[in-house]
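One structure is given below, encoded as structure tokens.
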Amino acid sequence: MSDEKEKELEQSAEPKSEEAAPAEAAPAEATPAAAEATPKPAAESAPSAPAAPAVDPEREAKLKAAAEARAARAAAKAAAEAGGEAPAAAAPAGAGGEVDPEKAAKIAAAAEARAARAAAKAAAEGGEAAPAEPKPPSPKQPQLDEAAALIRASVAEDAIEEAYINELNDHMPTLVIRADRLVEACRLLKTRTGQDYTYLRNVSGVDYETHLEVVYHLVSLNSKNELAVKVKTNREQPGIPSVVPVWETANWNEREIYDLLGIDFPGHPDLRRIMMPDDWVGHPLRKDYVPLDPEV
Amino acid sequence: MIRTEELLLNVGPQHPSTHGVFRIIVKLDGEVITEATPVMGYLHRGTEKLAEDLNYTQIIPYTDRMDYVSAMTTNYVLCHGVEKMMGLEVPERAEFMRLIVMELQRIASHLVWWGTYLLDIGAMSPFLFAFRDREIIINLFNELCGARLTYNYMRVGGVKWDAPVGWIDKVREFIPYMESKLDEYHRLVSGNEIFLARIRGVGAYDAQTAIDYGLSGANLRSTGVDWDLRKAKPYSIYNRFEFDVPLGKNGDCYDRYLIRLEEIRQSLRILKQAVEQFPSSGDVMGKVPRVIRPPAGELYVGIESPRGEIGVHIVSKGKAEPYRLKFRRPSFVNLQILPKLLVGETMTNLITILGGIDIVVGEVDC
């Protein structure tokens, strides 16, 4: 387990213990399985996992069962409260009757959330315990392969520097294309059936300090498939061919990137600053940007 | 023969019908525009640069000030992006609150557009009606978060404040009221001959052009392209509700007008279902780590704002501040088609076409 995970645990430690309190107070008549695994041991076992990577599957199952049992008990209790207490409380004040079902529902919801979290945790631990198991291929993998194969076959074998799935972004297929092949490749992606990326959603420029990068987010209005195309360029003489001939919408987007990051777009019909004044010095979104006049 | 000379005319940056500090330089031959050059940046505040030194919660108020007519949707897109990156769960009640405020916001935004658009064209009273009705929504938001325009309402993992007692009932009462007023709007304006003469067939383009220019929202749908991100790429809990996406076919200002008014009706439809299904209890804030640190990586996500696709591209290095934050602003992208539409049009149509695109300059300049 990584440091990050530990940090996360630290951060979320307080809210967790708050939550755990009602659950711990309730189970006096706990079953043996549940008693063995109250929420606390489950949380504490996490940091110790690196020492003993092989987590006992039996224990896992028990943990899961315990979490389920706890949730069920809490739900039952909530139901009992709602059913049994509401009529009693109705006597002193009308308001009491209104509050109780709400409270009961809240408890039930909390129990459900707790159970879900415990299950998720058990699942996560299970995943880490068995690293040998290969990751299932992304559902978007065929889409990426198809686009990459098309460009390799029709543009150039070396047109693609990298092709990967960005899992963080709903498994977004991502292609890193060489700058000098960009326009050709984009034209193919737009016009070829099966690709059909007619709509350019967004163009972003990013300064990675070692290099600059432009990202094109494409979507097909028919198949609803998404694709990200990236192009890298150096920081000293940055230049990426303009894709305005392919998608008209790149026009102002490229002007904005030129203005704020200083990337040249040869082939652009009207490359001028768009946000900053025409006589501005420097490109503000560069990481090493220093204003010419610090007073401004 | 009358000799005409080319005239260079400067419109803006301070011009009432540009709804902000936006400038356009037009070349005129008589009354006909031969060339138009938009000049932007008067409201550029460098939000994207500022965001690189702020943590995610601190950026939310900045998003209020981008599309200040529809701050709730801009709030949402940032929170939604971060939640997706971190894989956070948003409680049910918070999702409902978000959906309700976003749809109310869509109505409020379209009302502002409707009122000011007609004001630009020369009708004064619709403006007063629109702002009278919008005031109800603004008051609802005021009750919710104490602000009338820059709400700063959403947070990563939920919303900041729960609905006060009776708030949902006020929303429920608003729905039939607004429906009746919408019919009134149609009776008052939509069939008016002077109005029709001003906007029918003006600023028309076809679907292919709209897609090439990356237009979104009513600007795209007026050409008949069925692309609403609430349906095409469902986010939040929109897939639980029934609503239609109104489409045009001529791609002119009149179609855009009708679509926006119909979108108010569809938003009311969503709201009606949402207030019925609104969970009676539950948290409005999910379990979120104290310091919000999305994992290293990047993500782009877009949602449907009243003006079109508003998107956020987050590049994270695993720190509390974004490494790079780029907003895809629908007003900025939609405005690109303006110079093309204006060539060959008269000066009076400049106002009609610009108004029809529906821009917010705070969002154009970011």
Side-chain angles (χ1 to χ4, degrees), chain A residues 4 7-8 10-12 14-16 19 101-106 108-110 113 116-117 120 166-170 172 174 198-208 213 215 217 219 221 224 226 228 246-253 256 259-260 270 273-277 284-285 287 289, chain B residues 38-41 44 46 48-49 52 84-85 87 89 91-93 208-209 211-216 220 225-227 232-233 279-283 286-291 293-302 309 311 313 315-316 318 323-324 326-328 332-333 335-337 340 365-366:
Chain A
E4 260 178 285
K7 260 186 224 158
E8 230 177 271
E10 264 171 43
Q11 282 156 17
S12 55
E14 199 173 291
K16 213 166 250 166
E19 254 213 11
E102 215 176 280
K103 195 178 144 206
K106 235 179 213 165
R117 220 172 17 254
N166 183 0
E167 283 179 28
L168 209 55
N169 195 0
D170 290 335
M172 173 96 85
T174 309
T198 49
Y199 193 84
L200 178 59
R201 292 173 99 180
N202 177 50
V203 189
S204 310
V206 188
D207 179 4
Y208 279 104
E213 189 176 280
V215 192
H217 292 105
V219 67
L221 298 186
K224 295 177 185 169
E226 286 178 82
V246 188
W247 296 285
E248 194 61 50
T249 178
N251 189 327
W252 284 14
N253 281 305
E256 194 184 17
D259 187 359
L260 302 178
D270 181 27
R273 283 188 185 272
I274 190 165
M275 291 294 162
M276 310 303 282
L285 274 183
K287 289 286 176 185
Y289 172 74
Chain B
V39 182
M40 287 142 297
H44 180 67
E48 292 172 359
K49 181 77 177 173
E52 290 174 10
K84 269 189 106 157
M85 253 179 141
E89 287 279 328
E92 178 89 350
R93 193 176 164 96
Q208 192 53 53
T209 315
I211 294 170
D212 271 352
Y213 275 85
L215 304 188
S216 51
L220 178 64
V225 180
D226 187 0
W227 188 256
K233 296 262 169 203
S280 58
S281 63
D283 291 332
K287 286 290 162 223
V288 177
R290 188 116 358 117
V291 181
R293 281 196 203 90
E298 63 180 292
L299 168 138
Y300 174 82
V301 67
E309 174 178 351
H313 180 211
V315 181
S316 168
Y323 185 74
R324 168 90 168 94
K326 149 97 189 181
F327 288 100
R328 187 245 196 233
F332 177 74
V333 179
L335 193 59
Q336 270 195 82
I337 201 171
K340 179 187 160 72
D365 287 351
C366 186

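When reading the values below, keep in mind they use all heavy atoms of this one structure, side chains included, and skip hydrogens, waters and symmetry mates. On a predicted model such as this, the values are computed, not experimentally measured, just so you know. Order of the sequence lines fixes the chain letters, A, B, ..., with proteins taken first and strands second; residue numbering starts at 1 for each chain.
Looking at A:Val219, the atoms closer than 4.5 Å to chain B (heavy atoms on both sides) all sit in the side chain, from C-beta outward. In this structure, chain B has no heavy atom under 4.5 Å from any part of A:Glu167. With a 4.5 angstrom heavy-atom cutoff, B:Pro294 does not touch chain A via any of its atoms. Heavy atoms closer than 4.5 Å to chain B are found in the side chain of A:Asn166, but not in its backbone. Of the two parts of B:Glu309, only the side chain, counted from C-beta on, holds a non-hydrogen atom closer than 4.5 Å to a non-hydrogen atom of chain A. If you measure heavy-atom distances from B:Glu52 to chain A, the contacts under 4.5 Å come from the side chain alone.
Of the residues considered (A:Val203, A:Val246, A:Leu200, A:Leu221), A:Leu221 shows the highest number of contacts with chain B, using heavy-atom pairs under 4.5 Å. When each of A:Asp170, A:Asp259, A:Asp207, A:Asn202 is checked for heavy-atom pairs under 4.5 Å with chain B, A:Asn202 comes out on top. Ranking B:Val39, B:Asp365, B:Ile337, B:Thr209 against chain A, the residue ahead of the rest is B:Asp365, based on heavy-atom pairs under 4.5 Å. The residue among A:Glu248, A:His217, A:Arg201 with the most heavy atom pairs within less than 4.5 Å of chain B is A:Arg201. If you tally non-hydrogen atom pairs under 4.5 Å between each of B:Val225, B:Leu215, B:Asp226, B:Val301 and chain A, the highest count goes to B:Leu215.
Side-chain N or O atoms of B:Arg324 include one that pairs as donor or acceptor with a backbone N or O of A:Gly205 at under 3.5 Å. Checking side-chain atoms of B:Gln336 against main-chain N and O of A:Trp252 turns up a donor-acceptor pair under 3.5 Å.
Ring-plane geometry between B:Tyr323 and A:Tyr208 is classed as parallel, the angle between the planes falling under 30 degrees on a 0 to 90 degree scale with a further cut at 60.
Closest approach of B:Lys49 to A:Pro284, counting heavy atoms only: NZ-O, 2.9 Å. The heavy-atom pair separating B:Val333 from A:Thr249 by the smallest distance is CG1-OG1, 3.5 Å. The shortest non-hydrogen separation linking A:Tyr199 to B:Ser216 is OH-CB, 3.4 Å. Taking all atoms of both residues into account, the shortest heavy-atom contact from B:Ile211 to A:Thr198 is CG2-O, 3.5 Å. Heavy-atom minimum distance, B:Ala232 versus A:Lys224: O-CD, 3.6 Å. Among all heavy-atom pairs drawn from A:Leu168 and B:Met85, the shortest one is CD1-O, 3.5 Å.
Residue A:Glu256 holds its CD atom at 6.0 Å from CD of B:Glu48, rounded to the nearest 0.5 Å. Between the NE2 atom of B:His44 and the CG atom of A:Leu260 there is a distance of 5.0 Å, given to the nearest 0.5 Å.
Looking at heavy atoms from C-beta onward, A:Val215 lies in side-chain contact with B:Glu298 at the 4.5 angstrom threshold. Inter-residue side-chain proximity for A:Asn251 and B:Tyr213 is flagged as unmet; no heavy-atom pair is nearer than 4.5 Å.
For B:Lys340, the NZ atom sits in a loose shell: 12 or fewer heavy atoms of surrounding residues, nucleotides or ligands are nearer than 6.0 Å.
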Query raised in the report: Checking side chain to side chain contact (heavy atoms under 4.5 Å, CB included) for the pair A:Asn169/B:His313: CA distance, chi angles, key distance, verdict?
Result: CA-CA 10 Å; A:Asn169 195 0; B:His313 180 211; over 6 Å; no

